[in-house]
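Structure first, then comments.
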There are 2 protein chains.
Amino acid sequence: MNYTISEENYIKAIFRLQRAGKTVSTNALALELETKPASITDMLKKLKAKKLVLYSPYQGCRLSSEGSKLALSIVRRHRLWEYFLAEKLQFKWDEVHEVAEELEHVSSKQLIERLDAFLGFPRFDPHGDPIPDSTGKITMPELVKLITLRPCERARVSGLTDQSADMLKLLKQRKINIGTIVTINKKFEFDQSLEIEIPESIPFIISEQTAQNILVQYEPES
Amino acid sequence: MNYTISEENYIKAIFRLQRAGKTVSTNALALELETKPASITDMLKKLKAKKLVLYSPYQGCRLSSEGSKLALSIVRRHRLWEYFLAEKLQFKWDEVHEVAEELEHVSSKQLIERLDAFLGFPRFDPHGDPIPDSTGKITMPELVKLITLRPCERARVSGLTDQSADMLKLLKQRKINIGTIVTINKKFEFDQSLEIEIPESIPFIISEQTAQNILVQYEPES
DNA sequence: AATAATATTTAGATTTGCCTAAAAATAAAA
DNA sequence: TTTTATTTTTAGGCAAATCTAAATATTATT
Ligand SMILES: [Mn+2]
Ligand SMILES: [Mn+2]
Ligand SMILES: [Mn+2]
Ligand SMILES: [Mn+2]
């Protein structure tokens, strides 16, 4: 139930390197963790014994489902602390990572849940990376609908669900293109319409239907 | 310049047990740290090599001046985190210690200075223990003058500097006794007079001279 | 002062996480 | 398909922090 700092760092590194079910090589891990391949092999045996990774000699490794759960919870802690440091302690976005690397290993479950609440359940860290919720769910930022954003959040337009001519005409008139940075000013709960702002224009309103169709990627402050 | 968690815990334990320049015995330390005397001896040799403690075989140990400095800085981190947990994350006063035991080992100097500022430079932790400032200075709570307290702080009257008849008469009239819990409402910078409150009475003003004479001990919230 | 009781240190092991150097397996090239 | 290069594992060791059991020093008691 409780893991060492070293174990947590290995799990995090595997999580970072593991893309689309592919296996992670010993050498890649050694590089990532700035350690020697022999040390990786040693640790992989321990992590396998603890059922955190799937591993057979010479075949590389990947996280088990239990390992993935752990990885998400470490990422959650890391990003919540980064948010805290930037938002409450006035750290710059490039100063938060190092300190969060230490804070993330403080394991009290209660601490993290209360910190999350204190911060207002933020969904993105200062680098724009999504923060997993307490169940480990993570909103992948590539495919978020504009409608899901909240006031003050900024995002980059990166796709459309419905690409009909009418839709494109509307967006052209509003000067919204792929790559346009959009800031949410207000959200009107009555009809879910949004007041938004784009560079070099005055704020304007878009309907719920429009906001449902625009796919964006969250964009950090500066 | 950087110490392990174990080393920090030893230094803290010695600090806690060391009263008035007296030496700390190996057995006492073993008891405090829930470890065996043999382990203590091993570590004392290491700490001596690092010039954190003064130690000669069979004679017990005490902190060097460098060791004391380190101890104070660990205590500072511990108590600032306790304050944060109680004040910002709604932890109860009896829940903070365990979590602070972990947080205190996160060593970023900048983190602690900014946390201190964020919290408004608190001087007492949720148990009423004083928080060392960034230079390691600590206000021992047994002998604080009432005048040094700030608005909203509570304290227990525990002594008098000047015990003249006039002084005692004044205090009797105001119903202030040894043991009375006093809360500071306001401080008037003009003449340093204080508006204070004691149980079952309406608030009233006391002069700077009076407040200079009353010795109090800080009292935590509830 | 001699003996008994207690406290402390040493000797030798263990676990964790890392290392280097050598051996073995796998992948790439001829 | 051999040979060569690369990757990975094994073997053996080291430092930190702990332990148990045995030796030694200190303190207390006759
Ligand atoms: Mn980071
Ligand atoms: Mn980040
Ligand atoms: Mn505490
Ligand atoms: Mn405390």
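Chain naming here is simple, since letters A, B, ... match the order of the sequence lines and numbering starts at 1 in each.
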task: Tell me, please, which residues at least two apart from A:Thr180 pass side-chain hydrogen bond (donor to acceptor under 3.5 Å, both in side chains).
output: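 side-chain hydrogen bond (donor to acceptor under 3.5 Å, both in side chains) list for A:Thr180, sorted by chain: empty.
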
### Message
If you count every heavy atom of other residues, nucleotides or ligands that lies below 6.0 Å from B:Glu197 atom CD, does the total exceed 12?
### Response
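Count over threshold, so yes.
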
Does NZ or CZ of B:Arg114 come closer than 6.0 Å to the centre of the six-membered ring of A:Phe91, within 45° of the ring's axis?
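Ring-cation test returns yes.
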
Atom pairs and distances, donor-acceptor, side-chain atoms in residues 47-56 of chain B, under 3.5 Å, two or more places apart:
from	atom 1	to	atom 2	distance (Å)
B:Lys48	NZ	B:Tyr55	O	3.0
B:Lys50	NZ	B:Glu7	OE2	2.7

| field | Inter-end axis angle, the helix from C:dA1-D:dT30 to C:dA30-D:dT1, with every axis fitted to five base pairs (rounded, 10 degrees) | value |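 Computed angle between terminal axes is 10°.
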
Calculate the interatomic distance between A:Leu29 atom CG and D:dT9 atom P; express it in whole Å.
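So the CG-P distance, A:Leu29 to D:dT9, works out to 11 Å.
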
Anything under 3.5 Å between a donor and an acceptor, one on a side chain of residues 22-39 of chain B, the other on a protein residue two or more places apart or in another chain? List them.
from	atom 1	to	atom 2	distance (Å)
B:Thr23	OG1	B:Gln59	O	3.2
B:Thr23	OG1	B:Cys61	N	3.3
B:Thr23	OG1	B:Cys61	O	3.4
B:Ser25	OG	B:Ala28	N	3.1
B:Glu32	OE2	B:Arg16	NH1	2.2

Expected string for nucleotides 9-25 of chain C under the B/S/- scheme (protein heavy atoms, under 4.0 Å, primed atoms plus P, OP1, OP2 as sugar-phosphate) is BB-----SBBBB---BS

Point to revise | B:Arg76 and B:Asp116 ion-paired at < 4.0 Å | key: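 Yes, this pair counts.
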
Could you tell me which residues satisfy ring-ring contact (aromatic ring centres under 6.0 Å, His included) with B:Tyr10, sequence neighbours excluded, listed by chain and number?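 Expected list: none.
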
With B:His78, the side chain to side chain donor-acceptor pair (under 3.5 Å) member among B:Lys12, B:His105, B:His97: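 Single side chain to side chain donor-acceptor pair (under 3.5 Å) partner of B:His78 among B:Lys12, B:His105, B:His97: B:His97.
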
Can you find a side chain N or O atom of A:Asn27 that sits less than 4.0 Å from OP1 or OP2 on D:dT8?
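A:Asn27 to D:dT8 OP1/OP2: side-chain N or O found under 4.0 Å.
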
